[in-house]
Amino acid sequence: MQKIGVFVCWCGSNIAATVDVKAVAQALKNEAGVVFSTDYQYMCSENGQAMIRQAIKEHQLTGIVVCSCSPRMHEATFRKTAVSAGLNPYMVEIANIREQCSWIHKDIAEGTEKAIVLARAAVAKLHKNAPLTAGTSPVTKRALVIGGGIAGIQTALDVADAGFEVDIVEKSPTIGGRMAQLDKTFPTLDCSACILTPKMVEAAQHEKINIISYAELESLSGFVGNFTATIRKKARFIDEDKCSGCGVCTEKCPSRKGLDEFNMKLNKRGAVYIPFAQAIPNVAVIDAEQCLHFRTGKCGLCQKNCSAGAIDFEQKDQLIERKYGAIVVATGFKPIDASAFNEYAYNDSPDVVTSLEFERIMNAAGPTKGQLIRPSDLKHPHEIVVIQCVGSRCTEDKEKGKPYCSKICCMYTAKHAMLVREKYPDVKVHVFYIDARTPGKNFDEFYRRAVEQYDVDYIKGMVGKVAVEGDKLHVQGSDLLNGEQVHINADMVVLATAIEPDPTARSLGTMLTASMDTNDFFTEAHPKLRPVESPPAGIFLSGVAQGPKDIPETVAQAGAAAAKVIGLLCKNELTCNACVAQTNEAICNGCSQCEKVCPYGAITYEDKEIRSPEFRGIRRIATVNEAICQGCGACTVTCPSGAMDLKGFTNSQIMSEVDAICR
Amino acid sequence: MSMNQEWTPKIVAFCCNWCSYAGADLAGSGRMNYPANVKIIRIPCSCRLNPMFVLRAFQRGADGVILCGCHPGDCHYSTGNYYARRRMTVLFSLLDYMGIERGRTRVEWVSAAEGAKFAATMNDFVKTITELGENKKLGDLRCKK
Amino acid sequence: MMKQLPLDRLPELFRKISEKKTVIAPIQSAGQVNFGVWTEDSILRLDALKTVKSAKGAFFPQVEDIVRFRMEGKKIDIHPADVLTEEFVIFGVRGCDARSFELLDRVFLSDPVDPFYAARRQHGTVVTLACNEPEETCFCTNFGIDAADPAGDVTCWIAGDVIYFRANTEKGIAFTADLESAENESPVEELKKNITEILKKLPFGALNLTGFDGDHLMERFNDPRWSELARGCLGCGTCTFVCPTCQCYDVRDFDTGSDIQRYRCWDSCMFSDFTLMAHGTNRPTQTERFRQRFMHKLVYFPSNNEGLYSCVGCGRCLEKCPQSIHIINVIKALGVNKDA
Amino acid sequence: MQEMIINRLRELLADGEYAGVIGWAQGETPFDRTPNLFNAEGLDQLRYDSFCGSNLSKYLVQQASKTEKKIIALLKPCDCYSFNQLCTEHRIDRNKVYVIGVGCKGKIDVEKIRKAGIKGITGITEDGDLLKIETMYGEKEISRKDVLLEKCLACKGKEHKCADEVLGESEETCSGDKYAAVRRLEAMTAEERFEFWRGELSKCIRCNACRNVCPACSCIKCVFDNPNSGVQNKAAADDFEESLFHIIRAYHVAGRCTDCGECSRVCPQGIPLHLLNRRIIQDVNELYGDYQAGESIGQRHPLTDFTLEDEEPSVIDTRGGGK
């Protein structure tokens, strides 16, 4: 019979408020096998853990049950405590009497009774626990960063600086991501390219960083420390090694109808193009849909004029398979499709632009070479209206808008207003806003300068309609502070649209088995305590892929993700999950049903000598590779005879929990 | 729990460790109430639920058994919930075929971010089971004393 | 002196008896005829020669609680199950099943007496019924059982549409007390003669059982043909669970959550875990288990019970064995009349 | 047909390449057939006629592994599916068995003859579709079609799915829709279905014949015999335990049951156990696409497979069957 110690935590008042912890400790005293039962304000605290160590030694406990918060919080803590007292870490069970009991039941009697049942279930399970030791698996000392924006670049640099190889996989022809499209950055109004391109160059020249551009992750298998990724490098039809980036081909290309994605499709580009001047790799790419050679088989001017002979129409997609120890998701974001907001006449007038389009118009390398002119008649606007929260904080219509606040629009709108007012004092700028959310360092001061120093007209209220009237845009909105309707005949309207994750995020999440929330942002392992890790071990999050954030936060998170990756890659081997499947060779039928359901291919078969009362001789037996098995348990259910069981969650453990709960 | 006491439904919820158990925790930290008759058993994945556990729960006096797992496509083990989905469909079909009330068993996909959905599901399930009444068809009389 | 009763007033008789005693009779439910408690809407099937499960269930049920333990902290209190106290009548028992009660008595009533079985035997009145139409699988004639005049507290005959009773014991007399006496017993005599005629036509009516006794134990045990006979055997327990004379049982504990229920249940020597003790070396192959079953019926039991065979020739195992392997194969293969 | 088989077997067994043949032997009564292993000398004992209803494929799991030499097996078309399923599960080594597909025109169920009121059967002779039955109570006759085995009414066709060689003609004896009984049950209300199964399963005497004969139920140690499984029990001490045994058995063979009908054939209490498995087969076919277990060796059965678009388990609440 086991000697079990039960420790009921008050968790300050979180548990003690709605569960009579003394009664729970008392009730557990006369449970079979329980030799010690006590309660304490903070079991997870230092002296709480000391109490456990003391009890283990004093009563020679063979197992402990801690009735406290969720095992997802402190199971590891209490396991370490057990180890420090010489007890096997898997002889510890947690009864979740906070999140799943005290916090959700008001009535003390009800809460106490449930806590007792949950505690009994944990004791019942502990009776069937057996000490387990975890195996180890090797670590591939290379990281994979998916996405080449500032988040991906920063993470790659930090990891590479620690001496580990990093591959950056970027979907578009060049790294740089969303930040490369920006003109200035808040709150310091640094030129975005000036602070980004050095990092891009550093990444390109770093001997530990390998940039795989114009490529996407095709498939992924394996587990932390032992991922095998297959990357599809799309055909550029240009040989990267030969192309010097001279750009001759881009000038010679007759097909001019391609829309320049980099400039948010405000202008056209050739079929062969280099996205922007500081592109890394500074190599052209051919857009097969626009290229006349692909459409009609003729032309080929670029090939004729390319002195380096880099054009290669026969180039095919390339599948690269490499092993990685850790994976960082840095897939960034894109603004939502503003065409859904026709009340702002986005589809009716080219002068209604999104903030990112406006950013390109303001940018010296943009379609208007930095001149603030209206896309419709290229005239200089005198009155601009900016509308905040277009599609953000929009709860009633899920398809059109996003329920969350996109966080960065208040700041970049203040930036736009300041830049316009500072460069063109004659232009009047009105900003319709709900709340000006500028909480960062020097953020509010920046916003105050826009209001006071550049007297940008901030109107607290929403815009009802924007109507095209002649060459003016009749903006009709409300001013809640003065309680009146506002009509402005503006020359341009800028929509500060919401941002959403990159469209490839959802499929990538499925491939990585990383959980995602309903808005397709990657869900972090824990909102407060593990913001840069994804639940599956070895997958880390960097940048807006995890949620809306600005550049300073992105870079901070990129560094944090890098630190986690370095923490993982610096280990020579990883301790595996101890709760893995195990075969009872005496009764295994060798029928290979389990192998078919194993997602990791951890089960193989071999002929073994079996000595059991039922059978003596050679038989086909399933064996589990403990390094690959992740302990999901799918095999234990397809095994009809129960020969395959899962250590830590065995059939008898779960059944005794069911018995205790239903008693 | 002797017979004369007024019957209260006894529900066993099997929650997968990565999504629905985290969803339950989120419902907890969000203080979203659901009845205390629901007791949660943590299993590594919804594919760990063996139909024998469901039958064991009913034998021992449970009135309703619900399996919560990650949304198909989100499973931490990539394919676990796909298998669980087929297994539970076959099991529920068998129980329905033998005349067991349909509402007694249920599968619900709850992600780690859906605390509200978890609480709502549990409230709804307890309501369904309360309407169905005590489990008389699939219980072991000896466990009722 | 015989008593008689028109067959169609039998339900009336049952209703009267049911006021004081439970009536168990062969009734049909879900397409099969088994002994069950008679109620108003039961379908009485006295015409069915054999029930699937034998009548022994009335005295030695398949599952029976023995004792219940309840743990209060460190104290254990024990509640032995109470023995049967109500009276009951088991009606329509055939001659072969009636004989099986005698065989079971030798096991359960010998020292130490089994209280549960003893109580049931004491409170049970056995009303046997002659077999009007014995079937080809019957071979009770080999064991000195007269299907035309079966033993029991009361013996009945159904001749035409009248049922005749003859009380053989006090219980029998009590049972037939207020029945009208039968003046003309000739239909019974005539029925007995017919039955005896039919019994002569039984294909396995006259087997030669010499060689099956204690003295030839080792010859039978070491006979090489056991593995040949047992090859087709599935090791299921059908033959043992339909057999009226199988008396082996296993004792099991069931944890109900609040207490421990110890019960006994029929066990089958054909099962792979029969008599599996701690060291795990019970009979390893189906040949040994198969041999144990028939050696017990035809050799071990007779050698301990003055030559009384533990088989009553009811033929249930002949009908119900999925692969048609049964005691007749063994008797013919290993007995003296190998050529018969 | 029997002589043809015996002669062919004599040829095959002549050169000693095969350890023996698994077939049916004459039991005590003229219509009893007992599975047995024959060598060349014992071939005259071998019988093959309308009474050889049992499915021999499960014997090969033990017999085929015992000898070095190959073994010959006589398999009817419906037995072949079980053979393939056992080969898929590596319980039989396919190249250690030489399969002779024997022709089958439907097998006779003696229990049905008895149920038709014919008692004291001492001999049965076939004359076309008519069976002449000698009994202790005179000559009786009955039409062959009315007393076929339950499994023959759901015959899966006359093609042998795994035969190395076929001897004799086969005929499909399927009579209409084999899921008719399942649909009748589904049309009942939940209460009626519960009463139906309580009535049937309460007859169960836990003799394990259905488990021990079932080719899909071939575990080395069954959960019901294993003290550590948590469901070990030897007798149904309570209504629940009666259902527990059959629900778990039906679930364990789900996706692997070839609907060979042996469980219903051997049940001493005549419980229509095949209706449980047939319901699951019908569900699997409707929800996941037609699947016949044992169609070929190496299949992936539906419960070890999935598609992204599978129905949710709640589909059961809305599909057929009374509320």
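Naming convention: chains lettered A, B, ... in sequence-line order (proteins, then strands); numbering from 1 in each chain.
In this structure, the side chains of K647(A) and E626(A) come closer than 4.5 Å at one or more pairs of heavy atoms.
With a 4.5 Å cut-off on non-hydrogen atoms, C639(A) does not touch chain D at all. Looking at T304(D), both its backbone and its side chain come within 4.5 Å of chain A, counting heavy atoms on both sides. Of the two parts of T638(A), only the side chain, counted from C-beta on, holds a non-hydrogen atom closer than 4.5 Å to a non-hydrogen atom of chain D. Heavy-atom distances place both the backbone and the side chain of R300(D) under 4.5 Å from chain A.
One finds no salt bridge joining D93(D) and R620(A) here, because no Lys/Arg side-chain nitrogen approaches an Asp/Glu carboxylate oxygen to under 4.0 Å.
Side-chain contact annotation: N55(D) with S82(D), donor-acceptor N/O pair under 3.5 Å present. Looking at E89(D) and Q85(D), their side chains do bring a donor and an acceptor atom within 3.5 Å of each other.
Side chain of R619(A) to main chain of N589(A): no donor-acceptor pair is present (N/O by atom type, distance under 3.5 Å, no hydrogens or angles).
The two residues K156(D) and C78(D) make their nearest non-hydrogen contact at NZ-CB, 4.3 Å.
Aromatic pair F224(D)/F245(D): centroids less than 6.0 angstrom apart.
Put simply, CD on E657(A) and CE on M655(A) are 12.5 Å apart, with the number rounded to the nearest 0.5 Å.
Using a 4.5 Å heavy-atom cut-off against chain D, no residue of residues 124-134 of chain A qualifies as contacting.
Counting heavy-atom pairs closer than 4.5 Å to chain D, the top residue among G617(A), G590(A), S652(A), G642(A) is G590(A).
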